[in-house]
Structure formats: C-alpha cells, structure tokens
Amino acid sequence: MDTNELIKFVSDGFDRAKGGAAVEVYAEVIPYYASRALPLKSHYAFGWIIYYALHQSPAHAIRERKQMLAHYLGLQVERPHKLHSMILTEAFRLYKDAAESAFTTRNKEGFHPVTDATRFSIVKFIDLWDLNNLRPGDWRRKEHEGKELSSTVEKLITCYVDELYAAKIPASPEFMAIIGRAIKEYPAGSNLYAQCAQLYELAGDKEAAIGMLRNAILASSSKFYLWSRLAALITDNDELRLKVSLLYKALRCPGQEEFKGKIHLNLAAALAEGGAYPQAKWELKYVKGFYENKDWNLPHLYRDTEKKIPAGTQAADPATIYKRVESLADDYIYESLPNIQVKKTFHKLASETTDRYGNRRPGRAAWRVTDALGANYWLTPSYFNIPDNLPTDTHLNIKVFNGKVVKAFL
C-alpha cells in the first residue's frame, strides 16, 4: 500500500485497538515499523496502539510486552506527553508481572531461574524513558470510588527503589531529587520515608537512613518490618540493648507470625552477642521449630549464632530481659518530639464501624484534647493504653508528628 493508504490503515487500526483488538492490530502494523516503512505521521497513532496492546496483553506475556516497549521507545513521538506517561504505567505492570513470573517458576533443583524471558529492569527502562519527561499530572493523585490512588510518581518510586535495593545499586542524583520532592509533595507516609531510607542505606549514609526510618515509624508505628529494619541498622555493640528492644517491639506489632521468624533469629543473634546465651538458645529453639515446620533451610545466621553459645547451655525464657529493655525502643523514636501538655475537652462515643470487607467492627471512643494555646488534637485513648472513660478536663501529655498524635500518656 502507498503512504496515504498506510496512514489510513494505522489510523483505522487505532480505533480497533481502542475497541479491544490492540494485540491483533499491533501484529498487523509491526512489519511496516520493522521495515522502516511506517510514516512519521503514523508514529503517534502506533504509539497508542502499542499502549492498548500492552494494556490488553495477559500477565504471562512477558517477552512480547518487553518487545512492545522497545518498539515504543523507537518511535518519534512528543515527550513529555500523556501517552509517554501511560506507557510508563504499563512498564510498572510488566515489572511486577516479570518479578512474579521469576518467583513462581522453579527449575528441578528448586531455584527460581532469572532468564531473558522473565527479566525486566524498570531502572534501565526509566533511564531510557527519561525522568525529565515527568509531567505535572504524573505527580497528582487521583480518586476512584472515593478512594485516593497513588500517583504515577509514587508507583515509579516503589518499583525503582525495589529494583535498586534488590541489586544493591545506589540511586542517581536525579532520582534522589525525585524522591526528595515526593516527601515534600505528599502527606507524610511511612512508605516514602522507608523507601528513602533504603536509598540512604545504598549510599552508605546510615545516620540518614536511621532518621528516615524513625520518621516512617512515627508515621505508622504498627508496621513490624519498620522496627525490624531500624534494628538492623543498629550495629554498635554498645547499643545491643536498644537493638533487642527494637526487635522485641517488632515482634509485638500486628502481623502474621509466619513473617516474623527472621526477627526471632535476629533476637537470638543479638542476645548471644551480648552474652545472654540461655535466652539466645531459647530463641534459636523457636527458630528451628519454625523453619522446620515450614520445611525451610536454616539460614547461615542460625549456625553462626549457635556456634557462639557454650556447649551445655540450657535455654531460658528471655521475657525478663525483654521487660527490662522494652521502653528503649519507644524512647528512641519519640525522644526528639517535645511533650505537649493538653487536657481532654470532648468525648466522642464509640460507634460501630464496617471494614473494607463489609464486616462489622466495634468502634473506639475518641478524645479531643486542647493545649494551652487553644490548639486541638484528636486521639484514640485505647491506642495508648489510656482508659477511654476518664472525665473531661483530664490532663495528659502528647507528642505530635505532622499534626498527628503519635504518643499520649497521663
């Protein structure tokens, strides 16, 4: 067909692609692209055909989608542009699907082989996509059915940091600028702080990483893995008591026990390092039972810790040690925040709530408290082990982070 016919063919194909036949249309157009016969005037329409083909492709089509992205990057289309940003969101989906494929595919020896069929580097793709092509719209969060969704930039950060951390590759200055702006741009949340902490770890700046993890915990203190990660950064032998306290705090946070086996192992290692051999052996016994029950191989740290414990040592419950040090973790997190003296000025009765699955849940009473300058804060007293039926004018102290009460005590 001549140039005009080809332009019309691609233009008509765009409408078909949008209607659900994108993979078929892509296969029809790609020979013209490969032979360099595709007119520049059709590059934009073909770019959208590629987007729809990516979007309509099944999760397992890893190799085909990688090829589509490579073809898109060869097009001469306007950048920055909505199309360019939409292609980026499909790259995120491919990255997650490729990682899942690599995880679930095992060879005969039980290993997860990473092959060209399953490997997809979001870092390399974004380098080609070019961070300078981010648009203002990529920074905006959207709403769907009353729920706020992550922005394109937040999704980018999640995938990008995940790969950098797994590969132990330090972030570029350009990417550090992106995450620095994100922390200022969005309401304080534990994810961004934790991701930034990972980047500081990769850069070898332990103190900055600790600072970001402390902020992450202040934003969401119930996530056990944040306490565990913070404990991993405490490496000075003089701080072993703090390390044990942070790990114990992680154990007491909500979360399924099957995800906490490594925390018990790290506790055993810290206890043995401090000479608490009977208590370390107690934790090792738990770890051994836990791993054997899962049919998992015991980690090297288990054997290294076991070697440090003198022969004949009898296991002893470490509860007494944990009780002595448990307050250190909270003190370490909250010590930098000033105490604010307040009094209870309003009591909001508990009302039944419904979770996201439609199940009924008992509500919790809430208090409004007011400081000497008249500033008001809301808190749930039961979260801080404070009886919720105390009278109005009850005096207490609070600590506040980004406008939210993160600690309260009488």
Side-chain angles (χ1 to χ4, degrees), residues 66 69-70 72-73 79-80 84-100 102-103 114 116 118-141 149-220 223 225-235 246 262 401-402:
K66 285 167 60 178
L69 286 175
Y72 169 80
L73 290 172
R79 304 169 186 176
H84 203 52
S85 297
M86 297 291 280
I87 288 288
L88 182 60
T89 64
E90 285 302 312
F92 301 154
R93 187 170 75 91
L94 175 55
Y95 174 73
K96 293 175 182 176
D97 290 342
E100 179 66 21
F103 181 76
V114 180
D116 287 340
T118 58
R119 182 186 293 111
F120 177 69
S121 171
I122 195 69
V123 171
K124 290 180 180 178
F125 177 81
I126 290 174
D127 286 347
L128 295 171
W129 187 91
D130 191 351
L131 289 171
N132 291 318
N133 288 319
L134 287 171
R135 304 173 304 126
D138 295 327
W139 288 88
R140 285 195 291 272
R141 290 174 171 175
L149 305 178
S150 297
S151 68
T152 298
V153 167
E154 290 173 286
K155 295 174 183 176
L156 179 155
I157 289 171
T158 296
C159 294
Y160 203 95
V161 173
D162 180 70
E163 182 174 328
L164 288 180
Y165 200 69
K168 304 303 178 189
I169 301 171
S172 65
E174 292 78 13
F175 188 73
M176 290 301 296
I178 293 290
I179 198 166
R181 176 181 167 185
I183 285 176
K184 297 176 183 177
E185 186 97 6
Y186 302 115
S190 61
N191 286 346
L192 272 175
Y193 285 130
Q195 288 160 348
C196 195
Q198 289 177 298
L199 298 182
Y200 280 127
E201 281 186 64
L202 292 173
D205 192 341
K206 189 177 81 168
E207 291 307 312
I210 287 174
M212 282 295 165
L213 277 175
R214 289 170 79 173
N215 284 343
I217 290 171
L218 285 168
S220 185
K223 295 181 177 179
Y225 58 86
L226 294 177
W227 294 94
S228 180
R229 280 184 51 198
L230 180 57
L233 294 177
I234 307 299
T235 55
L246 291 167
K262 190 175 181 180
F401 180 72
N402 286 334

- request: Only counting residues at least two apart or in another chain, list the ones meeting salt bridge (Lys or Arg N to Asp or Glu O under 4.0 Å) with R79.
  value: none
message: Any non-hydrogen side-chain atom of L88 less than 4.5 Å from a side-chain atom of T152?
response: yes
- prompt: How would you list all residue pairs meeting salt bridge (Lys or Arg N to Asp or Glu O under 4.0 Å) that involve residues 149-171, not counting sequence neighbours?
  reply: R141-E154
message: Run the side-chain contact (heavy atoms from CB on, under 4.5 Å) test against S228 and tell me which residues pass, sequence neighbours left out.
response: L247, A250, I263
message: I need the I157 CD1 to F175 CZ distance, nearest 0.5 Å.
response: 5.5 Å
- prompt: With sequence neighbours left out, what residues match K223 under side-chain hydrogen bond (donor to acceptor under 3.5 Å, both in side chains)?
  reply: S190
statement: Rounded to the nearest 0.5 angstrom, the CZ-CG distance for R229 and L246 is 13.0 Å
message: To the nearest 0.5 Å, what is the distance between CD on E207 and CG on L233?
response: 9.0 Å
- request: For residues L199 and Y165, determine if any side-chain heavy atom of one lies less than 4.5 Å from a side-chain heavy atom of the other.
  value: no
query: Do you know which of V123, T158, I122 makes side chain to side chain contact (heavy atoms under 4.5 Å, CB included) with Y95?
result: I122
task: Please name all residues satisfying side-chain hydrogen bond (donor to acceptor under 3.5 Å, both in side chains) with R93, sequence neighbours left out, ordered by chain then number.
output: E90
- request: Indicate the atoms forming the closest heavy-atom contact of L164 with P170, along with that distance.
  value: CD2-O, 4.3 Å
- prompt: For N191, what residues pass the side-chain hydrogen bond (donor to acceptor under 3.5 Å, both in side chains) criterion, not counting sequence neighbours?
  reply: none
query: Would a 4.5 Å heavy-atom cut-off, applied to side chains only, mark L202 and I169 as touching?
result: no
Pairs where residues 124-134 contributes a residue and the test salt bridge (Lys or Arg N to Asp or Glu O under 4.0 Å) is met, not counting sequence neighbours: none
field: Listed partners of D205 passing side-chain hydrogen bond (donor to acceptor under 3.5 Å, both in side chains), at least two apart
entry: none
message: Give me each pair satisfying ring pair (Phe, Tyr, Trp, His ring centres under 6.0 Å) with a member in residues 196-219, each pair once, sequence neighbours excluded.
response: none
- prompt: If you measure from CZ on R135 to NE2 on H84, what distance do you get to the nearest 0.5 Å?
  reply: 10.5 Å
query: Excluding sequence neighbours, so at least two apart, what forms ring pair (Phe, Tyr, Trp, His ring centres under 6.0 Å) with Y193?
result: none
field: Residue pairs, two or more places apart or on separate chains, that pass side-chain hydrogen bond (donor to acceptor under 3.5 Å, both in side chains) and touch residues 176-189
entry: S151-Y186, R181-E185
message: Taking side-chain contact (heavy atoms from CB on, under 4.5 Å) as the definition, give me every residue that meets it alongside L149, ordered by chain and number, with sequence neighbours left out.
response: H144
query: Taking all non-hydrogen atoms of both residues, which atom of A194 and which atom of A216 are closest, and how far apart?
result: N-CB, 4.0 Å
Check: L156 and L134 side chains under 4.5 Å, non-hydrogen atoms: yes
message: As an exercise, state the distance from CG of L226 to CG of L218, rounded to the nearest 0.5 Å.
response: 10.5 Å
query: Is there a side chain to side chain contact (heavy atoms under 4.5 Å, CB included) between F125 and I87 once you walk through the steps?
result: CA-CA 11 Å; F125 177 81; I87 288 288; 4.1 Å; yes
- prompt: Does a side chain donor of either Q195 or Y160 reach within less than 3.5 Å of an acceptor in the other side chain?
  reply: no
message: For the backbone of R119 and the side chain of K66, can you confirm whether one donor and one acceptor N or O come within less than 3.5 Å of each other?
response: yes
